[in-house]
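A quick write-up on the structure given underneath.
Just so it is clear, the values below take in all heavy atoms, side chains as well, and ignore hydrogens, waters and symmetry mates.
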Amino acid sequence: SSTPKLFNSLLLGSSHSQPRAEGSSLRHLLNSGPGKLPQGVGDSGVPFPSVFSTGSTGDKTKGALPDFLDHIIASVVETKKASEQRRADGGGGGGAGAAPGGEGGPRREAVMGLSVLDPHTSHTWLCDGRLLCLQDPGNQNNWKIFRECWKQGQPVLVSGVHRRLKGGLWRPEAFSQEFGEQDVDLVNCRNCAVISDVKVRDFWDGFEVIAKRLQGGDGQPMVLKLKDWPPGEDFRDMMPTRFVDLMDNLPLPEYTKRDGRLNLASRLPDFFVRPDLGPKMYNAYGLISTEDRKVGTTNLHLDVSDAVNVMVYVGIPQGEGSHEEEADFTGCQEVTKTIEEGDVDETTKRRIYEAHEKPGALWHIYAAKDAEKIRELLRKVGEEQGQENPPDHDPIHDQSWYLDQVLRRRLYEEYGVQGWAIVQFLGDAVFIPAGAPHQVHNLYSCIKVAEDFVSPEHVKHCFRLTQEFRHLSNTHSNHEDKLQVKNIIYHAVKDAVGTLKAHESKLVRS
């Protein structure tokens with residue numbers, strides 16, 4: 001029984017009230033010899049920034065990993081195949097250490113707190129300068145600017161992914177034709193009621209034709225989403241061609257691919273049962289009425305791992321006998337009103353009204369550090385509404401809340417918490433940090449595909465959340481550590497130590 005406590009203390013470090021344990025061979029190995037790498041630029045020309053931010057206050061004793069793990073993981077992921085990367089990049093300048101250029105550089109650096117703005121990446125800023133949007137998903141330098149925002153716990157948007165995918169694979173009629181006879185469960189987004197044992201064709205046939213949608217007890221078409229389809233880990237086996245198409249074209253492959261050098265899940269040995277990191281599909285109709293603005297397609301929740309969510313198809317519904325131009329998305333009053341009330345910035349609105357891109361879903365994402373303040377607000381509102389707050393339940397983990405405009409305003413006014421309001425257009429990939437509370441409201445019918453990963457920047461949140469989930473009720477879906485985060489951290493450190501020892505003589509010289 002002492003083993004988990006010992007391992008936890010190694011990961012989280014000792015509290016200020018207790019002396020640090022010095023007897024561990026792992027700790028001794030990591031703290032001895034030439035294993036401490038300098039910050040700045042090393043011999044390979046690759047910088048070694050701190051992966052775990054040391055600038056945050058308030059949680060240093062609770063969630064921060066010790067400095068040695070910061071150095072170890074940072075050094076390994078930066079130096080692995082560094083020489084090959086330099087050759088691939090052509091040894092050009094303007095890398096991660098380049099100073100920002102142009103008139104907008106200093107202002108954006110001040111807003112973002114960035115130490116680097118790479119001139120070789122096509123990007124813009126949304127949410128009034130608080131959200132990085134990378135515009136070339138295939139650019140090999142994207143990771144350099146991405147990590148500057150990522151290590152600060154900020155979400156990131158990458159646009160244009162749909163241009164790299166085989167579009168015909170992701171159309172609703174393709175899914176209906178191939179899998180139409182499968183039995184599935186559907187969820188009514190308006191009341192969370194589950195409709196069981198329905199042919200998946202019934203869902204897809206109504207994806208873009210409202211007249212073909214299943215009707216509720218009131219005789220009105222229901223707003224439905226597919227529940228857990230394809231089921232569990234079956235995506236790769238059931239849809240191998242789509243699996244390859246997606247995985248070959250995910251942006252930031254250093255993080256998102258299963259063998260990515262910045263995906264710590266890749267450190268797990270083959271003899272371990274692989275954690276279910278996806279891909280997972282999210283298929284749902286759009287919420288189209290005025291009352292639907294208070295309803296989420298996916299309610300507020302957070303995930304134990306990092307994730308990238310790609311919008312692969314947006315379907316604009318038609319009424320019976322109407323033409324697509326009559327349902328032009330720029331003229332849809334309900335969607336326009338939802339976006340206006342969603343606190344969306346002007347630059348994003350121009351993507352709709354000027355660039356005529358297809359908006360699919362409205363996201364609200366909050367920083368992981370603000371999760372406790374959000375819980376306080378939801379508990380307070382729950383009490384105001386006469387709800388109970390059992391100790392083994394959690395207002396975020398239970399996924400029972402959607403923050404409408406009124407609640408978002410209260411969150412900002414009473415707790416000073418401001419999130420990111422993001423419209424996900426066709427081809428947009430949303431990167432969500434581990435532990436970041438987020439919610440989704442579909443504007444139109446959407447097909448999204450998500451892949452999870454474990455980045456070194458946020459592994460501390462992964463570990464903290466697995467500890468948090470243990471206190472939920474035994475029947476809660478998040479009670480079990482499905483990510484195997486302790487095994488991932490252990491083998492990442494083991495791999496790091498092995499790499500450092502293999503290059504010990506070079507480190508001594510430096």
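- Counting non-hydrogen atoms of other residues, nucleotides and ligands closer than 6.0 Å to OH of Tyr412 gives a total of 12 or fewer.
- At least one donor-acceptor pair closer than 3.5 Å links the side chain of Lys225 to the backbone N or O of Thr297.
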- request: Evaluate the criterion side chain to side chain contact (heavy atoms under 4.5 Å, CB included) for residue pair Thr298 and Lys448; output intermediate values, then yes/no.
  value: CA-CA 12 Å; Thr298 302; Lys448 313 185 199 83; 6.0 Å; no
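- In this structure, Glu457 CD and Gln152 CD are separated by 11.0 Å, a value rounded to the nearest 0.5 Å.
- Ring orientation note: the planes of His438 and Trp363 are close to parallel, at an angle under 30° on the 30°/60° scale.
- Between Gln439 and Arg408, some side-chain heavy-atom pair lies under the 4.5 Å cut-off.
- For the atom pair CD of Gln424 and CG of Leu443, the computed distance is 10.0 Å after rounding to the nearest 0.5 Å.
- Between Val381 and Leu407 there is a side-chain heavy-atom pair separated by less than 4.5 Å.
- Scanning both residues, Val454 and Cys462, for their nearest heavy atoms gives CG1-SG, 4.2 Å.
- Of the possible polar contacts, none joining the Glu357 side chain to the Gly427 backbone as a donor-acceptor pair under 3.5 Å is found.
- Side-chain atoms of Arg130 come within 3.5 Å of backbone N or O of Gly419 as a donor-acceptor pair.
- Between His461 and His458, the two ring planes are tilted [angle within 30° to 60°].
- Aromatic rings of Phe146 and Phe431 (six-membered ring for Trp) have centroids within the 6.0 Å cut-off, being under it.
- At a threshold of 4.0 Å, the pair Arg379-Glu372 counts as salt-bridged, since one of the basic side-chain nitrogens sits closer than that to a carboxylate oxygen.
- Side chain of Arg267 to main chain of Arg261: a donor-acceptor pair is present (N/O by atom type, distance under 3.5 Å, no hydrogens or angles).
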query: Do Lys349 and Glu346 pass the salt bridge (Lys or Arg N to Asp or Glu O under 4.0 Å) test, and can you show the C-alpha distance, the side-chain angles, and the key distance before you say yes or no?
result: CA-CA 5 Å; Lys349 293 175 187 176; Glu346 293 301 318; 3.2 Å; yes
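- Taking CD from Glu376 and OH from Tyr415, the interatomic distance works out to 5.0 Å, rounded to the nearest 0.5 Å.
- Of the possible donor and acceptor atoms, one in the side chain of Asn142 sits under 3.5 Å from a partner among the backbone N and O of Asp136.
- No donor-acceptor pair under 3.5 Å is formed between the side chain of Asp452 and the backbone N or O of Ser305.
- To the nearest 0.5 Å, atoms CD1 (Ile488) and CZ (Phe272) are separated by 10.0 Å.
- Under a 4.0 Å N-O distance rule, the pair Glu451/Arg258 qualifies as a salt bridge.
- Of all heavy-atom pairs between Pro395 and Leu378, the closest is CB-CB, 3.8 Å.
- Rounding to the nearest 0.5 Å gives a distance of 9.5 Å between CE of Met247 and CZ of Phe235.
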query: What's the verdict on salt bridge (Lys or Arg N to Asp or Glu O under 4.0 Å) for Glu254 and Arg147, showing C-alpha distance, side-chain angles and the deciding distance?
result: CA-CA 11 Å; Glu254 299 86 355; Arg147 69 173 179 180; over 6 Å; no
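- A donor-acceptor contact closer than 3.5 angstrom links the side chains of Thr348 and Asp345.
- Shown here for Ala265 and Leu277, the closest heavy-atom pair between the two residues is CB-CD1, 3.6 Å.
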query: Taking it one step at a time, do Val430 and Ile365 satisfy side chain to side chain contact (heavy atoms under 4.5 Å, CB included)?
result: CA-CA 10 Å; Val430 181; Ile365 304 177; 3.8 Å; yes
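- Residues Leu268 and Asn487 have side chains in contact (heavy-atom distance under 4.5 Å, counting atoms from C-beta outward).
- Using a 3.5 Å distance cut-off with no hydrogens or angles, the side chains of His301 and His397 do not pair a donor with an acceptor.
- Residues Leu302 and Pro437 meet the side-chain proximity criterion, which asks for heavy atoms closer than 4.5 Å.
- A donor-acceptor pair under 3.5 Å links the side-chain atoms of His441 to the main chain of Val295, judged by distance alone.
- Using a 4.5 Å cut-off on side-chain heavy atoms (C-beta onward), Cys446 and Val440 make no contact.
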task: Show the numbers, then the answer: is there a side chain to side chain contact (heavy atoms under 4.5 Å, CB included) between Leu126 and Ile422?
output: CA-CA 8 Å; Leu126 304 175; Ile422 302 170; 5.9 Å; no
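- By the 4.5 Å heavy-atom criterion applied to side chains, Lys494 and Val497 are not counted as neighbours.
- Without hydrogens or angle criteria, His364 side chain to Gly342 main chain gives a donor-acceptor distance under 3.5 Å.
- Ion pairing between Arg164 and Asp245 fails under the 4.0 Å rule for side-chain N and carboxylate O.
- Without hydrogens or angle criteria, Asp394 side chain to Ile396 main chain gives a donor-acceptor distance under 3.5 Å.
- Counting heavy atoms from C-beta outward, Trp125 and Leu132 have side chains that approach closer than 4.5 Å.
- Note on Glu148 versus Lys151: salt bridge recorded, some NZ/NE/NH1/NH2 to OD/OE distance being below 4.0 Å.
- Closest approach of Gly160 to Asp428, counting heavy atoms only: N-OD1, 4.4 Å.
- Pro456 and Leu264 get closest at one heavy-atom pair: CA-CD1, 3.8 Å.
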message: Go through it in stages, so that I can follow the logic: the residues are Tyr313 and Leu165, the test is side chain to side chain contact (heavy atoms under 4.5 Å, CB included), and I'd like the CA-CA distance, side-chain angles, deciding distance and then a yes or no.
response: CA-CA 11 Å; Tyr313 188 86; Leu165 298 172; over 6 Å; no
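- Not a single donor-acceptor pair under 3.5 Å links the side chain of Asp303 to the backbone N or O of Ala434.
- Across all non-hydrogen atoms, the minimal contact from Ile432 to Asn309 is CD1-CB, 4.2 Å.
- A salt bridge is defined here as a Lys NZ or Arg NE, NH1 or NH2 lying under 4.0 Å from an Asp or Glu carboxylate O, and Glu340 with Lys337 fails to meet this definition.
- Val485 has its side chain out of reach of Val304: every pair of non-hydrogen atoms, C-beta onward, lies at least 4.5 Å apart.
- With rounding to the nearest 0.5 Å, the separation of CH2 in Trp420 from CG in Leu131 is 8.5 Å.
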